Each structure stands twice: as structure tokens, then as C-alpha cells.
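For the numbers below, each heavy atom of this structure counts, side chains included, while hydrogens, waters and symmetry mates do not. All values reported here derive from a predicted model rather than from experimental measurement.
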Amino acid sequence: MVKRALLVIDVQRDFLPGGAVPTEEKGILPIIVDLLSRKIFDLTIASQDWHPQDHISFAAVHGKQPGQQVTVNGTTYSVFAQHCLQHSEGACFPKELELYAFDKIVQKGIAQDDECFSAFASFGKRQTTGLANYLKEQNIQQVFVAGMTLEQCVKQTVQDAIQEGFETYLVSDACAPVDADAEAGILKDLHGAGARLIVSADIPC
């Protein structure tokens, strides 16, 4: 029997409306809660941005404004307002998820110089989170990815899951972008890269 895992990516208060880096949340929380409550996955895993105050992804660290780009260790990316500080309220899961017992929580972006959008590894695979090995040890073959933000952390998690050899599904109605206008293009790109697009209601029991 095929074993599958649900990856809930960075559903944290700072990425919800009113947070430091708000997404177009579009009602994904009830969908994710429903997926968790259906108990149709062998493993449920949440990733969590967990940054120090001087994290390399913060615009102020580089003397930049949020949204501007920097190049670090050969990788160019946009920088953000300070968010998901370790032990802060903004780094916490919303109350809808706080009571749920995930099988594993993967914290990422912990070190000052560790930029890690993906739940699997930092940019350039300089550091890994151990998630790929954990899933393989548990004989997981399929991963279903939901969460935020679609443009960054969800996208890179999906790409890494494909590269690690998992049959990878993006649960499109359970993902939130920062920029709603970018959503269609990202979904198209991920489908072209090998991800299977699915809506939550179509995930079989």
C-alpha cells in the first residue's frame, strides 16, 4: 500500500492577514484543518520558519527595503520584513492548528546565515533539515504539499520533493500566495516541473 505524507508549510501567524508578511490567505485554514481531521495520511508534518533577529532574509540586515533583492552565496532572492522570530507570537501556528499533534515539526532558517525556503534544505543545499531522510525512513512515497507562501516556501518545497524522488502533489486550494496575480503562473510552472495539481476534495481516502 502506498504511504503518503501531508506537508503543511509555514502556516504561521506572521504569514496570515495582519502579520509581518501577510499572504492572500483565501480561506486555506479550514481546508488544512479538514485535511488533518480526515486522517487520510500516514504522516503529517509542519514546517516552521524560526529565525534569529538578524536573519539573512531580513531586509534591514542588508540595508534594503522589503521586496528588494540581494545576492548571497551566489543566490539572488527577495528580502522581507522581519518575521517569525524565534519564540515570538508571529512564529506560532494559528489557534486552528495549535491543538493538532503533528508527527513532526521541521524548523528552518534557524541560523543567521541559513536562508531556507524549502522544508527540505537551504539554498544551494548548503544545509538540510533531515526531512527527506525522515520520509524515506518511514517509507513515504507520496507527499501532498499545502501552506504558504506559494511563491517561496511552498514552491521550493515542491521542487525539492520532486528532486528527492517523491510523487509530489500540490494541494492548490490549500496554498496561499503573497501576490494572488502570481498564483496561476506558479501552478503552471510547478506542474511543468512534475508536480501533480490536486484540490483537497479530490484526495482519495
Side-chain angles (χ1 to χ4, degrees), residues 5-36 41 44-51 55 57-59 66-67 77-86 88-100 102 104-110 115-123 129 131 143-162 168-191 193 195 197-200 203:
L6 175 66
L7 308 185
V8 179
I9 306 302
D10 297 2
V11 181
Q12 296 168 255
R13 295 180 185 181
D14 266 347
F15 295 127
L16 295 170
V21 187
T23 61
E24 295 284 343
E25 191 270 333
K26 70 172 191 179
I28 71 168
L29 275 175
I31 296 171
I32 292 173
V33 169
D34 178 66
L35 286 172
L36 294 169
F41 300 98
T44 56
I45 298 164
S47 72
Q48 185 181 33
D49 265 6
W50 195 249
H51 298 321
H55 191 251
S57 71
F58 296 161
Y77 56 90
S78 297
V79 288
F80 305 92
Q82 194 178 66
H83 63 278
C84 297
L85 295 178
Q86 295 169 8
S88 70
E89 183 175 336
C92 293
F93 299 130
K95 65 181 187 302
E96 292 89 340
L97 298 185
E98 279 183 338
L99 298 179
Y100 189 82
F102 290 97
K104 187 176 182 65
I105 295 175
V106 176
Q107 293 182 329
K108 57 192 184 70
I110 297 172
E115 180 54 296
C116 191
F117 286 176
S118 169
F120 288 93
S122 61
F123 285 175
T129 64
L131 177 58
V143 297
F144 292 75
V145 183
M148 51 185 66
T149 65
L150 179 63
E151 295 95 326
Q152 285 93 18
C153 300
V154 170
K155 179 181 177 180
Q156 290 203 15
T157 297
V158 168
Q159 291 172 331
D160 282 355
I162 294 168
T168 304
Y169 293 80
L170 177 65
V171 188
S172 58
D173 60 331
C175 295
V178 172
D179 179 6
D181 292 337
E183 182 171 8
I186 294 168
L187 295 180
K188 181 180 178 180
D189 289 346
L190 290 175
H191 180 65
L197 306 184
I198 194 168
V199 295
S200 57
I203 300 174

- Task: Determine yes or no for a side-chain-to-main-chain donor-acceptor pair under 3.5 angstrom, with T168 supplying the side chain and V158 the backbone.
- Result: no
- Could you grab the distance from atom CG of L170 to atom SG of C175, nearest 0.5 Å is fine? 4.5 Å
- Counting only N and O atoms by type, is there a donor-acceptor contact under 3.5 Å from the side chain of T129 to the main-chain atoms of F120? yes
- Item | K108 vs S47 side-chain heavy atoms within contact, under 4.5 Å | yes
- Item | Test item: S118 and T157 side chains (from C-beta on) under 4.5 Å apart, heavy atoms | yes
- Message: Can a donor-acceptor pair be found, under 3.5 Å and without considering hydrogens, that links the side chain of Q48 to the backbone of A91?
- Response: yes
- In terms of the angle between their ring planes, are F58 and H83 parallel, tilted or perpendicular, with boundaries placed at 30° and 60°? perpendicular
- Query: Which value, rounded to the nearest 0.5 Å, describes the distance between S122 atom OG and D160 atom CG?
  - Reply: 9.5 Å
- Message: I need the minimum non-hydrogen distance between G109 and C116, along with the two atoms involved.
- Response: N-CB, 3.8 Å
- Distance, nearest 0.5 Å, that separates CD of Q156 from OH of Y77: 11.0 Å
- Where is the tightest heavy-atom contact between V199 and S172, given as atom of each residue plus distance? CG1-OG, 3.6 Å
- Item | Geometric class of the F93/F102 ring pair [parallel <30°, tilted 30-60°, perpendicular >60°] | tilted
- Message: I'd like to know if the side chain of E151 and the backbone of D179 have a donor-acceptor N/O pair within less than 3.5 Å.
- Response: yes
- Item | From D49 atom CG to I110 atom CD1, the distance as rounded to the nearest 0.5 Å | 10.0 Å
- Message: For a 4.5 angstrom cut-off between non-hydrogen side-chain atoms, does T44 reach Y100?
- Response: yes
- Query: Between V154 and V145, is any pair of side-chain heavy atoms under 4.5 Å apart?
  - Reply: yes
- Message: Show the nearest heavy-atom pair for residues A81 and V21, with the distance to one decimal.
- Response: O-CG2, 4.0 Å
- Correct closest heavy-atom pair for F15 and C84 would be CE1-SG, 3.7 Å
- Task: Measure the shortest side-chain to side-chain distance between L150 and E24 over non-hydrogen atoms and say whether it is less than 4.5 angstrom.
- Result: no
- Item | Heavy-atom pair of closest approach, residues L35 and A174 | CD1-CB, 4.5 Å
- Item | Interatomic spacing from CH2 in W50 to CG in L85 - rounded to 0.5 Å | 9.5 Å
- Query: Are L16 and L29 close enough that some pair of their side-chain heavy atoms sits under 4.5 Å apart?
  - Reply: yes
- How far does OG1 of T23 sit from CD of Q12, to the nearest 0.5 angstrom? 11.5 Å
- Item | Minimum-distance pair of heavy atoms, taken over all atoms of A119 and V106 | O-CG1, 3.7 Å
- Message: Quick one: does any side-chain atom of K155 pair with a main-chain N or O of T149 as donor and acceptor, under 3.5 Å?
- Response: no
- Message: So V11 and P94, do their side chains get closer than 4.5 Å, heavy atoms only?
- Response: yes
- Find out whether F117 and C153 are in side-chain contact, i.e. whether some heavy atom of one side chain is under 4.5 Å from a heavy atom of the other. yes
